[in-house]
Peer 1: 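Sharing a structure with you now.
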2 protein chains.
Amino acid sequence: MTELNKDTEGKILEAAQDVFTEKGMSGTRMQEIADKAGINKSLLHYYYRSKEKLFGAVFKAVLVKFMPKTLKVLSSDLPLFEKIEKFVDGYIDIITKHPSAPLFLIFELHRNPDGIAGILLNAFKEIGFNPVESFAKDVKIAKEMGLVHEGVDSKHLFVNMMSLCIFPVAARPLLQRIGFENDKKAYDKFLEMRKLEVTTFLINSIRKS
Amino acid sequence: MTELNKDTEGKILEAAQDVFTEKGMSGTRMQEIADKAGINKSLLHYYYRSKEKLFGAVFKAVLVKFMPKTLKVLSSDLPLFEKIEKFVDGYIDIITKHPSAPLFLIFELHRNPDGIAGILLNAFKEIGFNPVESFAKDVKIAKEMGLVHEGVDSKHLFVNMMSLCIFPVAARPLLQRIGFENDKKAYDKFLEMRKLEVTTFLINSIRKS
DNA sequence: GTCTATATCGGGATAGAC
DNA sequence: GTCTATCCCGATATAGAC
């Protein structure tokens with residue numbers, strides 16, 4: 001819940017985010033967005049000309065919500081181990097708050113990769129920052145300092161880190177049922193514990209000595 | 001490509017799997033399934049009474065395709081380290097062959113958790129096997145044998161293992177673009193290497209001494 | 001069993017009053 | 001800017017001939 005009193009356009013965008021991230025592009029009904037925003041269906045078309053356009057706005061908004069914090073950590077000059085810790089901590093936090101966002105991004109990207117990935121790649125290009133390359137440098141430095149094994153591959157490490165943060169949230173409806181008897185609180189606690197768990201897990205696996 | 005000459009019902013189910021797993025329930029058009037199966041739209045309704053029913057059949061079929069192999073490994077009496085290795089190897093293999101299946105399962109489970117999770121939980125109940133509990137036992141034994149740290153939590157380990165296998169395939173459209181310049185072959189190779197990578201990564205992080 | 005034709009309905013989009 | 005009424009197409013589903 002952000003603010004409650006905003007202009008119509010803002011209310012629409014917020015409602016649209018809720019519905020789109022929950023049900024995806026094709027599963028979303030304009031009517032449901034209108035209802036949730038407390039306005040009429042045709043107002044949606046007044047502000048955003050089409051469903052497609054509204055979807056685009058939502059997609060960007062979700063990116064904007066996620067990118068800044070995470071990129072800030074990744075582009076910082078913290079040493080590798082601290083950077084991993086900070087990233088995992090912040091990332092699990094933010095996706096726990098917006099649990100359907102990552103699955104939404106992945107699913108829609110899967111549905112229409114080229115059309116959508118453009119938005120993302122442009123975002124990186126604009127700020128002149130590629131998280132994967134940047135992370136590779138961090139790993140290289142840590143190797144030179146003798147902190148991590150020479151055999152460590154930065155891309156695998158990066159993908160591992162992302163996987164361990166995102167998957168448990170995205171697959172929650174499944175995991176909570178098969179491993180936690182569908183106990184919401186227990187799973188919340190599990191996710192909270194993962195911050196430490198994932199960090200130590202990652203660092204243990206790459207640390208020299 | 002399984003067999004080419006099968007009865008109409010089989011052709012429909014196969015085509016339906018392709019389309020449903022690719023586009024999800026709401027993104028799927030019956031027409032597209034009919035085209036892909038090389039038959040008429042109304043034949044779909046002849047064999048499966050509704051889209052909903054067809055979807056159910058597909059969902060089960062996908063489960064059946066995945067479950068047996070993976071459960072066979074998990075329920076075997078291999079020692080923990082070998083079990084991890086076998087699982088990771090086989091799992092990455094099978095989801096690489098059916099890359100859209102995991103995302104499909106997760107997304108549809110997210111969309112309608114209770115309606116769909118029932119199918120899954122029943123499947124487990126029928127065979128009287130819960131992978132999470134079983135894995136917990138394996139970890140316990142390994143601890144008693146002094147092979148892994150006492151602090152290792154079996155649920156985190158299980159979720160880590162699943163995350164590391166599934167996410168890189170599910171998020172491929174994204175990862176391949178930001179980390180591999182959208183080079184398909186490079187990413188294929190990356191996935192192939194992950195079998196060893198993930199295994200050693202997991203074992204390194206839990207092994208005692 | 002397989003086809004063509006058609007019914008029916010839902011949802012995106014527009015027109016036009018206020 | 002916001003509403004009501006309506007258009008129109010696409011998609012599921014059914015009827016019925018062969």
Side-chain angles (χ1 to χ4, degrees), chain A residues 2-62 100 104 107-108 110-112 115-116, chain B residues 2-62 100 104 107-108 110-112 115-116:
Chain A
T2 45
E3 302 127 65
L4 231 141
N5 279 359
K6 27 173 80 179
D7 57 344
T8 307
E9 193 170 348
K11 277 197 299 190
I12 291 177
L13 192 62
E14 197 174 330
Q17 269 182 53
D18 286 355
V19 183
F20 270 121
T21 55
E22 191 63 30
K23 318 211 164 168
M25 168 67 177
S26 59
T28 291
R29 302 293 96 122
M30 296 293 266
Q31 185 64 57
E32 190 177 351
I33 296 174
D35 291 347
K36 191 162 277 193
I39 49 114
N40 192 279
K41 217 178 26 157
S42 43
L43 261 193
L44 298 181
H45 289 89
Y46 176 77
Y47 282 99
Y48 305 83
R49 281 188 51 76
S50 69
K51 186 183 182 184
E52 197 73 36
K53 292 253 173 55
L54 180 52
F55 173 82
V58 166
F59 195 87
K60 265 189 211 165
V62 172
S100 46
F104 165 72
F107 186 79
E108 295 303 331
H110 174 84
R111 191 178 58 82
N112 176 17
I116 293 184
Chain B
T2 46
E3 302 127 65
L4 232 142
N5 277 1
K6 28 172 77 178
D7 57 343
T8 308
E9 192 169 348
K11 278 196 299 188
I12 291 177
L13 192 62
E14 198 174 329
Q17 269 181 54
D18 285 355
V19 183
F20 271 121
T21 55
E22 191 63 30
K23 318 210 164 168
M25 168 67 176
S26 58
T28 291
R29 302 293 98 121
M30 296 292 265
Q31 184 64 58
E32 192 177 350
I33 296 174
D35 291 346
K36 190 162 278 193
I39 50 115
N40 191 279
K41 225 181 14 164
S42 43
L43 261 193
L44 299 180
H45 289 89
Y46 176 78
Y47 283 98
Y48 305 83
R49 283 188 48 75
S50 69
K51 184 182 181 183
E52 197 73 37
K53 291 251 172 57
L54 180 52
F55 173 81
V58 165
F59 196 87
K60 263 189 211 164
V62 172
S100 45
F104 166 72
F107 186 80
E108 295 303 331
H110 173 85
R111 191 178 59 81
N112 177 15
I116 293 183

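These numbers come from the heavy atoms of this one structure, side chains and all, not from hydrogens, waters or symmetry mates. Just so we're on the same page: letters track the sequence lines, and every chain starts at 1.
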Peer 1: Just wondering, do M30(A) and H45(A) contact through their side chains at under 4.5 Å, heavy atoms?
Peer 2: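 The answer is yes, as the side chains (C-beta and beyond) meet within the 4.5 Å cut-off.
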Peer 1: List the residues meeting salt bridge (Lys or Arg N to Asp or Glu O under 4.0 Å) with E22(B), not counting sequence neighbours, and say none if there are none.
Peer 2: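 With sequence neighbours excluded, E22(B) shows a salt bridge (Lys or Arg N to Asp or Glu O under 4.0 Å) to no residue whatsoever.
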Peer 1: Of the listed nucleotides (dT14(C), dC3(D), dA11(D)), which one gets closest to any side-chain atom of N40(A)?
Peer 2: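 Closest nucleotide to the N40(A) side chain: dC3(D).
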Peer 1: Using a 4.5 Å cut-off on heavy atoms from C-beta on, say whether the side chain of I12(B) contacts that of L54(B).
Peer 2: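 In contact.
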Peer 1: In whole angstroms, how far is the P atom of dT4(D) from the CD atom of Q31(A)?
Peer 2: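 Nearest whole value for this atom pair: 11 Å.
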Peer 1: Quick check: any donor-acceptor pair below 3.5 Å linking the side-chain of K41(A) to the base of dG11(C)?
Peer 2: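 By the distance-only test, no, there is no pair.
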Peer 1: Whole angstrom is fine here: how far is it from CG in D35(A) over to P in dC3(D)?
Peer 2: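 My rounded result for the distance is 12 Å.
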Peer 1: Whole angstrom is fine here: how far is it from CD in E9(A) over to P in dT2(D)?
Peer 2: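 After rounding, the reported distance stands at 10 Å.
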Peer 1: Please state how far atom NZ in K51(B) lies from atom P in dG10(C), giving the value in whole angstrom units.
Peer 2: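 To the nearest whole Å, that distance equals 14 Å.
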Peer 1: Between E52(B) and T8(A), which has a closest nucleotide on DNA chain D that is more 5'?
Peer 2: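 Looking at DNA chain D, the more 5' nearest nucleotide goes with T8(A).
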Peer 1: Take the protein atom CD1 of I39(B) and the nucleotide atom P of dC3(C), then report the distance between them rounded to whole Å.
Peer 2: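 Whole-Å distance recorded here is 7 Å.
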Peer 1: Between atom CG of L13(A) and atom CG of D18(A), what is the distance when rounded to the nearest 0.5 Å?
Peer 2: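 Spacing of CG (L13(A)) from CG (D18(A)) equals 10.0 Å.
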Peer 1: Think H45(B) has a side-chain N or O under 4.0 angstrom from the OP1 or OP2 of dA13(D)?
Peer 2: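 So the side-chain polar atoms of H45(B) do come within 4.0 Å of the phosphate oxygens OP1 or OP2 of dA13(D), strictly under.
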Peer 1: For Y46(B), which contact category applies under a 4.0 Å heavy-atom criterion: base, sugar-phosphate, or nothing?
Peer 2: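 Answer is base: heavy atoms of Y46(B) come under 4.0 Å of a base.
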Peer 1: Using atom CD1 of I12(A) as one end and atom P of dG12(C) as the other, report the distance to the nearest whole Å.
Peer 2: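 The distance from CD1 of I12(A) to P of dG12(C) comes to 14 Å, rounded to the nearest Å.
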Peer 1: Rounded to the Å, how far apart are Y48(B) OH and dT2(C) P?
Peer 2: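 From Y48(B) OH to dT2(C) P: 12 Å.
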Peer 1: Closest approach to the side chain of S42(A), judged atom by atom: which nucleotide of dA15(C), dC3(C), dA13(C) is it?
Peer 2: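 Out of dA15(C), dC3(C), dA13(C), the nucleotide with an atom closest to S42(A)'s side chain is dA15(C).
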Peer 1: By nearest atom, which of the nucleotides dA11(D), dG12(C), dT2(C) is closest to the R29(A) side chain?
Peer 2: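 Comparing dA11(D), dG12(C), dT2(C) against the side chain of R29(A), the answer is dG12(C).
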Peer 1: Is the ring centre of F104(B) less than 6.0 Å from the ring centre of F20(B)?
Peer 2: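 When the ring centroids of F104(B) and F20(B) are compared, they turn out to be at least 6.0 Å apart.
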Peer 1: Can you figure out which of dC3(C), dA13(D), dT2(D) approaches the side chain of Y47(A) most closely?
Peer 2: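 For the Y47(A) side chain, the nearest candidate turns out to be dT2(D).
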Peer 1: Over how many whole Å does the gap from L44(A) atom CG to dG1(D) atom C1' extend?
Peer 2: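 To the nearest whole Å, that distance equals 13 Å.
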Peer 1: Between L43(B) and T28(A), which residue's closest nucleotide on DNA chain C lies nearer the 5′ terminus?
Peer 2: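 Its nearest nucleotide lies further toward 5', so the answer is L43(B).
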Peer 1: If you only use heavy atoms from C-beta on, which nucleotide in dT12(D), dG12(C), dA15(C) is closest to the side chain of M30(A)?
Peer 2: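 Of all the options, the side chain of M30(A) is nearest to dG12(C).
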